[in-house]
Amino acid sequence: MAGVELLPKEYGYVVLTLVLYCFLNFWMAFQVGKARKKYKVFYPTLYALESENKDAKLFNCVQRGHQNSLEMMPIFFMLMIVGGLKHPLICASLGLFHVVGRFFYFKGYASGDPQNRLGLGKFAFLSVMGLMLCTISCGISFLRA
């Protein structure tokens with residue numbers, strides 16, 4: 001493939017980590033679908049209203065856990081793709097750390113108590129900081145080249 005030979009061989013780990021996050025996202029979407037059935041929150045309703053559904057908070061916690069992951073996904077992907085050009089192994093490692101952290105963030109949020117997302121899930125945000133440093137380093141390298 002044209003251009004692939006310009007990428008570091010280890011960039012494949014970055015790609016595989018991004019695919020792993022996609023699988024996590026599919027799993028979270030499936031969990032929201034199950035919660036929709038369980039708590040009787042039908043499409044196109046994004047969030048349940050407590051005045052209309054006694055289980056609104058429980059459903060909304062599942063939905064919010066997935067929604068937050070969707071909000072963070074473009075940032076995570078951009079930082080992985082760009083930072084991984086210069087630091088593929090570091091970014092892949094941080095990315096794996098992020099995927100695991102997002103899993104625990106979602107599980108904690110989906111428990112029905114939003115504070116539970118901050119247990120092991122808070123470490124996903126640390127990985128974003130590391131990815132930002134890798135991406136800054138990549139940008140500086142481009143400017144110096």
Do [X] and [Y] have side-chain heavy atoms sitting under 4.5 Å apart?
X	Y	result
L94	H98	no
F125	R102	yes
P114	K57	yes

Would you say [Y] ends up clustered with [X] if hydrophobic residues are merged whenever their side chains have heavy atoms under 4.5 Å apart, either directly or through other cluster members?
X	Y	value
L16	V14	no
M129	L131	yes
M132	V99	yes
M78	I81	yes
F142	L7	yes

Got a second to check how far [X]'s [atom1] is from [Y]'s [atom2], nearest 0.5 Å?
X	Y	atom1	atom2	result
Y109	N68	OH	CG	7.0 Å
L85	S137	CG	OG	11.0 Å
R64	C61	CZ	SG	10.5 Å
E71	Q67	CD	CD	5.0 Å
E50	D55	CD	CG	10.5 Å
L6	Y11	CG	OH	12.5 Å

Minimal non-hydrogen separation, [X] against [Y], with atom names:
X	Y	result
L79	T135	O-OG1, 3.1 Å
Y13	L89	CD1-CD2, 3.5 Å
F123	F97	O-CE2, 3.4 Å
S111	N116	OG-ND2, 2.8 Å
L18	F76	CD2-CE2, 4.1 Å
C91	G83	SG-C, 3.4 Å

Partners of L49 by side chain to side chain contact (heavy atoms under 4.5 Å, CB included), sequence neighbours excluded?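 Expected list: S51, E52.
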Show your reasoning for whether side chain to side chain contact (heavy atoms under 4.5 Å, CB included) applies to M28 and L24. CA-CA 6 Å; M28 287 186 287; L24 175 65; 3.9 Å; yes
Tell me, yes or no, whether the heavy-atom count around F77 atom CZ, taken from other residues, nucleotides or ligands under 6.0 Å, exceeds 12.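 Enclosed.
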So, the side chain of N25 versus the backbone of L70: is there a donor-acceptor pair under 3.5 Å, distance only?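 Not confirmed, N25 side chain does not pair with L70 backbone.
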If hydrophobic residues (ILVMFWY) are linked whenever their side-chain heavy atoms come closer than 4.5 Å, directly or via other members, who joins I140 in its cluster?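 Hydrophobic cluster check, I140: joined to I136.
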Please list all pairs meeting salt bridge (charged side-chain N to carboxylate O under 4.0 Å, His left out) that have one or both residues in residues 19-40, counting only residues at least two apart or in different chains.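 Applying salt bridge (charged side-chain N to carboxylate O under 4.0 Å, His left out) to every pair that reaches into residues 19-40, excluding sequence neighbours, yields nothing.
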Quick check on the 6.0 Å ring-centre criterion: do H66 and F106 meet it?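 No, they do not, as the ring centres are separated by 6.0 Å or more.
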